[in-house]
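Just so you know, ligand 1 is whichever comes first in the structure, and atom 1 is the first atom listed for that ligand.
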Amino acid sequence: MTVIPTKTSLGLSSRLVNGILAIKPLANFAKTRARNMMINRAEALGVPWRKNLEQLSERNWEREWDAVVNRQLQYPEYYVTSFHAYPEGNLSWKAAWEVESAAYAVHAKIWQEAGIKGDAKLRQSYHQVLQEQLTSKPATIVDLGCGVGMSTLTLQDIYPQAQITGIDLSPYFLAVASYRASQASTKAQNINWLNVAAEATGLPDNSCDLVSACLVFHELPATAAQNIILEARRILRPGGHLAIMDMNPQSEQFLKMPSYILTLLKSTEPYLDQYFGLDIEKTLVKLGFSTPTITCNSPRHRTIIAKIASI
Ligand SMILES: C[S@@+](CC[C@H](N)C(=O)[O-])C[C@H]1O[C@@H](n2cnc3c(N)ncnc32)[C@H](O)[C@@H]1O
């Protein structure tokens with residue numbers, strides 16, 4: 001697989017953006033403006049962002065929090081940083097309450113005609129690849145980096161017979177996930193939510209048929225990505241599959257993206273350079289998987305499916 005070239009010399013607009021981001025008050029002003037623009041754009045598309053936030057923030061989350069939080073968990077250093085313009089990254093209620101609206105807003109741009117349905121279409125396009133390439137239905141699924149359960153609940157919909165475990169480092173996100181599941185199907189109420197790192201799940205060896213990582217790898221430094229692949233290898237049964245759906249660095253949309261926009265994107269996604277620079281195909285093969293299939297499932301996303309290599 002060819003790896004996206006990392007631009008070494010930055011254009012004037014990118015240097016300007018970097019210059020602004022380096023000055024804290026200016027960076028904060030830019031982030032607030034970008035955030036307000038995003039909320040207004042989402043609401044214009046029909047995502048009731050502020051109303052959703054208000055409803056979720058008024059709930060008492062004690063029960064869900066106590067049910068999911070792992071008080072022994074030590075967060076990896078790379079995780080305890082700002083993501084998506086939230087200073088506490090994924091470790092805050094606000095991030096957890098807003099992430100679903102943000103996903104609808106961001107994914108509304110993938111296909112012109114889909115608008116607010118872009119997020120559902122993206123997940124369907126991923127599931128279509130899964131269903132085409134997995135010859136038998138997985139009975140046990142682990143959803144790594146499950147967030148507020150958007151990927152977990154949709155996996156449960158396409159594999160209703162499967163027992164699913166959703167794993168995430170953020171107890172805030174998991175609390176929202178368990179609440180969303182309680183409002184969904186009876187089957188969804190059996191999902192097991194685990195507040196652990198995807199690189200150290202604590203699950204038994206050879207215990208699942210499918211490990212799915214949906215929109216997670218772009219949030220990881222390269223070493224974490226490799227450790228997570230190794231952990232997936234350990235918990236998968238012989239013949240099991242690892243599926244990774246995420247941004248496609250080779251897509252026209254990224255290759256042609258104006259560099260100042262890319263710079264702005266990188267300011268909210270701290271490990272994007274490492275993600276773009278990782279040769280995922282080589283890495284998977286090196287870590288015990290057979291050569292994966294790589295399928296473009298949207299104009300800017302790819303699905304990678306790798307099977308455990310037979311010894
Ligand atoms: C962009 S969200 C994707 C959420 C969900 N899979 C979806 O499709 O909507 C990435 C998630 O990965 C989680 N995450 C990042 N690094 C992780 C790690 N090392 N272990 C477990 N979860 C992780 C984050 O907390 C976040 O919830």
- Item | Trp61 reachable from Val68 in the ILVMFWY side-chain graph, under 4.5 Å edges | no
- Sequence-distant partners of Arg50, salt bridge (Lys or Arg N to Asp or Glu O under 4.0 Å), two or more places apart: Glu43
Exercise answer, ligand 1 polar atom pairs (N/O) under 3.5 angstrom:
| unit_1 | atom_1 | unit_2 | atom_2 | d |
| --- | --- | --- | --- | --- |
| ligand 1 | 6 (N) | Gly145 | O | 2.7 |
| ligand 1 | 6 (N) | Ser151 | OG | 2.9 |
| ligand 1 | 6 (N) | Cys214 | O | 2.8 |
| ligand 1 | 8 (O) | Arg123 | NH1 | 2.9 |
| ligand 1 | 8 (O) | Cys214 | O | 3.4 |
| ligand 1 | 9 (O) | Arg123 | NH2 | 3.0 |
| ligand 1 | 19 (N) | Tyr78 | OH | 2.7 |
| ligand 1 | 19 (N) | Glu199 | OE1 | 2.8 |
| ligand 1 | 20 (N) | Ala198 | N | 2.9 |
| ligand 1 | 22 (N) | Leu169 | N | 3.4 |
| ligand 1 | 25 (O) | Tyr79 | OH | 2.5 |
| ligand 1 | 25 (O) | Asn90 | ND2 | 3.4 |
| ligand 1 | 25 (O) | Asp168 | OD1 | 2.7 |
| ligand 1 | 27 (O) | Asp168 | OD1 | 3.4 |
| ligand 1 | 27 (O) | Asp168 | OD2 | 2.7 |

- Item | Residue of the set Gln163, Arg237, His241, Lys137 for which side-chain hydrogen bond (donor to acceptor under 3.5 Å, both in side chains) holds with Asp209 | Arg237
- Query: Are a donor atom and an acceptor atom from the side chains of Tyr126 and Ser212 found within less than 3.5 Å of each other?
  - Reply: yes
- Would you tell me whether Gln133 and Thr293 have side-chain atoms, one donor and one acceptor, within less than 3.5 Å of each other? yes
- Task: Give a yes or no on whether the backbone of Phe217 and the side-chain of Asp246 come within a donor-acceptor separation of less than 3.5 Å.
- Result: yes
